[in-house]
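To start, the structure itself, in structure tokens.
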Amino acid sequence: MTSVLFVCLGNICRSPLAEGALRAAAERAGLDIVVDSAGTGDWHVGAPPDRRAQAAARRHGVDISGLRARQVRPEDFRRFDHVLALDDQNLRDLMAIAPADGTAEVRLLMDYVPGREGSSVADPYFGTDRDFDTTWAEVRAAADALVGRLGRRFPKSAGTM
Ligand code: 4NP
């Protein structure tokens with residue numbers, strides 16, 4: 001089964017939103033995939049998503065309240081097929097800790113969105129509710145694009161369900 005790990009800095013704003021968006025998009029598409037998220041930093045380990053991130057997801061019909069933050073670890077690069085960074089600093093940090101025997105494809109999440117390749121999802125932590133809605137729109141677009149890609153490579157008829 002295809003597996004995707006989203007990585008941001010704190011694992012309480014952007015990557016939990018990406019996780020929620022991809023879970024919802026995969027469910028809509030009938031695609032069975034493993035989805036998780038983590039942070040490069042350890043400040044929020046064990047904490048639920050930021051209240052504003054939870055609220056933004058809820059406004060779009062997705063419940064992320066049960067997620068808990070964790071820090072990315074070396075085995076993630078072996079366990080997941082795709083390790084997707086929310087911004088370019090996260091990507092550099094991931095490259096710096098990726099073990100030599102890592103097998104995951106490590107890249108920017110927005111590389112999956114036509115026209116947005118190479119761009120970062122801005123950190124909404126010091127922003128407003130409106131910034132969290134912008135984050136949601138970005139990760140939702142990426143989630144839909146990901147489901148399109150993964151769905152084509154692993155069509156339901158191939159027996160992944
Ligand atoms: P995230 O946002 O990386 O999208 O989860 C942040 C959350 C917390 C902090 C920075 C970014 N922080 O510095 O505590």
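Counting convention: from 1, in listed order, for ligands and their atoms alike.
- Protein heavy atom nearest atom 14 (O) of ligand 1, with residue, atom name and distance: His44 NE2, 2.7 Å.
- Of the N or O atoms in Pro124, none lie within a sub-3.5 Å distance of an N or O in ligand 1.
- Atom 1 (P) of ligand 1 has as its closest protein heavy atom Cys8 SG, 3.5 Å.
- Closest non-hydrogen pair, Ser3 versus Arg79, comes out as OG-O, 3.4 Å.
- Of all the atoms in ligand 1, the ones that sit under 4.0 Å from a non-hydrogen atom of Gly10 are 1 (P), 3 (O), 5 (O).
- Annotation: cation-pi geometry not satisfied between Arg59 and Phe132 (NZ/CZ under 6.0 angstrom from ring centroid, within 45° of ring axis).
- Every atom of ligand 1 is numbered from 1 in the order shown, and the set under 4.0 Å from a heavy atom of Ile12 is 5 (O), 7 (C), 8 (C).
- Using modelled atom types, one finds a donor on one side chain and an acceptor on the other under 3.5 Å when comparing Thr128 with Asp131.
- Of all protein heavy atoms, the one lying nearest to atom 11 (C) of ligand 1 is Asp123 OD2, 2.9 Å.
- The only member of Asp101, Thr103, Leu94, Leu5 that meets side chain to side chain contact (heavy atoms under 4.5 Å, CB included) when paired with Phe77 is Leu94.
- Taking Asp87 as the reference, Arg14, Gln89, Asn90, Ser120 meet the side chain to side chain contact (heavy atoms under 4.5 Å, CB included) condition, with sequence neighbours excluded.
- The environment of Arg68 atom CZ is dense: over 12 non-hydrogen atoms of other residues, nucleotides or ligands sit within 6.0 angstrom.
- In terms of N/O distances under 3.5 Å, ligand 1 is approached by Arg14.
- Legend: residues meeting side chain to side chain contact (heavy atoms under 4.5 Å, CB included) with Ile33, ordered by chain and number and at least two apart, are Thr2, Leu22, Ala26, Leu31, Val35, Leu150.
- In plain terms, the two heavy atoms of Ser119 and Leu108 that are nearest each other are O-CD1, 3.7 Å.
- Remark: ligand 1 atoms within the under-4.0 Å shell around heavy atoms of Leu9 are 3 (O), 10 (C), 11 (C).
- The shortest N or O to N or O distance between Trp43 and ligand 1 is not under 3.5 Å.
- In terms of protein heavy-atom proximity, atom 13 (O) of ligand 1 is nearest to Tyr125 CE2, 4.2 Å.
- The ligand atoms of ligand 1 that sit less than 4.0 angstrom from a heavy atom of Cys13 are 1 (P), 2 (O), 4 (O), 5 (O).
- Counting heavy atoms closer than 4.0 Å to ligand 1, residue Leu86 contributes nothing at all.
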